Protein chains: 2
Amino acid sequence: METVGQTIRAKRESLGLLLRQVASYLDIDQAILSKIERNERKPSRDNIIKLAEILQMDSEDLLIQFMSEKIALEIANEHCASKVLKAAEQKVKYLKSNLEKN
Amino acid sequence: METVGQTIRAKRESLGLLLRQVASYLDIDQAILSKIERNERKPSRDNIIKLAEILQMDSEDLLIQFMSEKIALEIANEHCASKVLKAAEQKVKYLKSNLEKN
DNA sequence: ATTTTACTTGACGGAATTTGTCAAATGTAA
DNA sequence: TTACATTTGACAAATTCCGTCAAGTAAAAT
């Protein structure tokens, strides 16, 4: 299973883009992008959006990959991880149904 | 749907315990416990464990409630929240199957 | 062989967030 | 009023996050 970093690097290389080029588009130092691609730093939401643009990817897909990875790493070491996710699903439903009302 | 804070407060009051008493058991200032119960501060993992002890609750249940609440609040405002949770489930499975191997 | 190019690494500093302490303010019941 | 429980906000210390920069590595080009 590919990490967000791996996905980004693969796409960037397949397009023949340099770290420097992509980084300047994101308006960050290439060192940071290098670290993002190797999962040493986490991209900001804005980074993800811009990355999707320049790498010609669907930004929602990339966001989903990014957020789900974050959550998975947070709880993977819990033996009750899947219970947590199921409970989270219920809560999300509940929260959303409330947002509609207000 | 009850928040962790509400659950804690309800249980504490039903046992007739004071903030001061529970807080000292957790080894934190009562002001912090007050805030935890009103969802102004987040309990640490250790807080949760000790709370379950003194409030005679199942610590796993409380941890699940705590973690799922945290995740739900993180993503509830995303329209793709449920996709994120589904993807997270896959990743957790993948990560766990790798932990077994090593 | 040395120069150029792409990328990596780690030290550093500032901003923002977190975590806890404390005392004053508020509320409430005796 | 007094006493007691809780709340609130100011504050400081500790930690985390975010980015810059320059030196280091590695590989290709000249």
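Because the structure is a prediction, the values reported are computed rather than measured. Hydrogens, waters and symmetry mates are skipped; everything else that's a heavy atom, side chains included, is used. Throughout, a chain's letter reflects where its sequence line sits, starting with A, and its residues are numbered from 1.
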- How many Å lie between CG on L19(B) and P on dT21(C), as a whole number? 15 Å
- Query: Atom CD of E37(A) to atom C1' of dC7(C): distance rounded to whole Å?
  - Reply: 10 Å
- Query: Does D27(A) or L18(B) map to a spot on DNA chain D nearer the 5' end, using the closest nucleotide for each?
  - Reply: L18(B)
- Query: Step by step, would you call E74(B) with K70(A) a side-chain contact (heavy atoms from CB on, under 4.5 Å)?
  - Reply: CA-CA 11 Å; E74(B) 257 178 47; K70(A) 183 165 169 291; 3.2 Å; yes
- Please determine, by modelled atom types, if S34(B) and R38(B) share a side-chain donor-acceptor pair under 3.5 angstrom. yes
- R41(B) CZ to dA10(D) C1', straight-line distance once rounded to whole Å: 12 Å
- Give a yes/no answer on whether the side chain of S34(B) brings an N or O atom under 4.0 Å of OP1 or OP2 in dT6(D). no
- Side chain of R20(A): nearest nucleotide among dG19(D), dA6(C), dT8(D)? dA6(C)
- Task: Using whole Å, report how far CD of E74(B) lies from P of dT17(C).
- Result: 15 Å
- Within a strict 4.5 Å, meaning less than it, do heavy atoms of the Q21(B) and Q30(B) side chains meet? no
- Task: Answer yes or no: is there an ion pair linking K83(A) with E78(A), defined by an N-O contact shorter than 4.0 Å?
- Result: no
- Message: Below the 4.0 Å mark, does dT6(D) have OP1 or OP2 next to a side-chain nitrogen or oxygen of R12(B)?
- Response: yes
- Query: Distance check: side-chain N/O of R9(B) vs OP1/OP2 of dT7(D), anything under 4.0 Å?
  - Reply: yes
- Task: Can you tell me the distance, in whole Å, between the NZ atom of K42(B) and the C1' atom of dT19(C)?
- Result: 14 Å
- Message: side-chain contact (heavy atoms from CB on, under 4.5 Å) for Q65(B) and K91(A)? Distances and angles first, verdict last.
- Response: CA-CA 10 Å; Q65(B) 198 188 349; K91(A) 286 185 204 298; 3.9 Å; yes
- Message: With a 4.0 Å cutoff (strictly under), does any side-chain N or O of R38(A) reach OP1 or OP2 of dT8(C)?
- Response: yes
- Item | Pairwise 5' ranking along DNA chain C for D29(A) and A31(B), keeping only the more 5' one | D29(A)
- Message: Using a 4.0 Å heavy-atom cut-off, does Q30(A) contact any base of the nucleic acid, only the sugar-phosphate backbone, or nothing at all?
- Response: base
- Query: Whole-Å distance between dT8(D) P and L33(B) CG?
  - Reply: 14 Å
- Message: Between dG10(C) and K35(A), counting only base atoms on the nucleotide and side-chain atoms on the residue, is there a donor-acceptor pair under 3.5 Å?
- Response: yes
- Note on the structure: When rounded to whole Å, the CD to C1' distance for the pair E40(A) and dG19(D) reads 14 Å
- Please report, rounded to the nearest Å, how far the P atom of dC17(D) is from the CG atom of N47(A). 15 Å
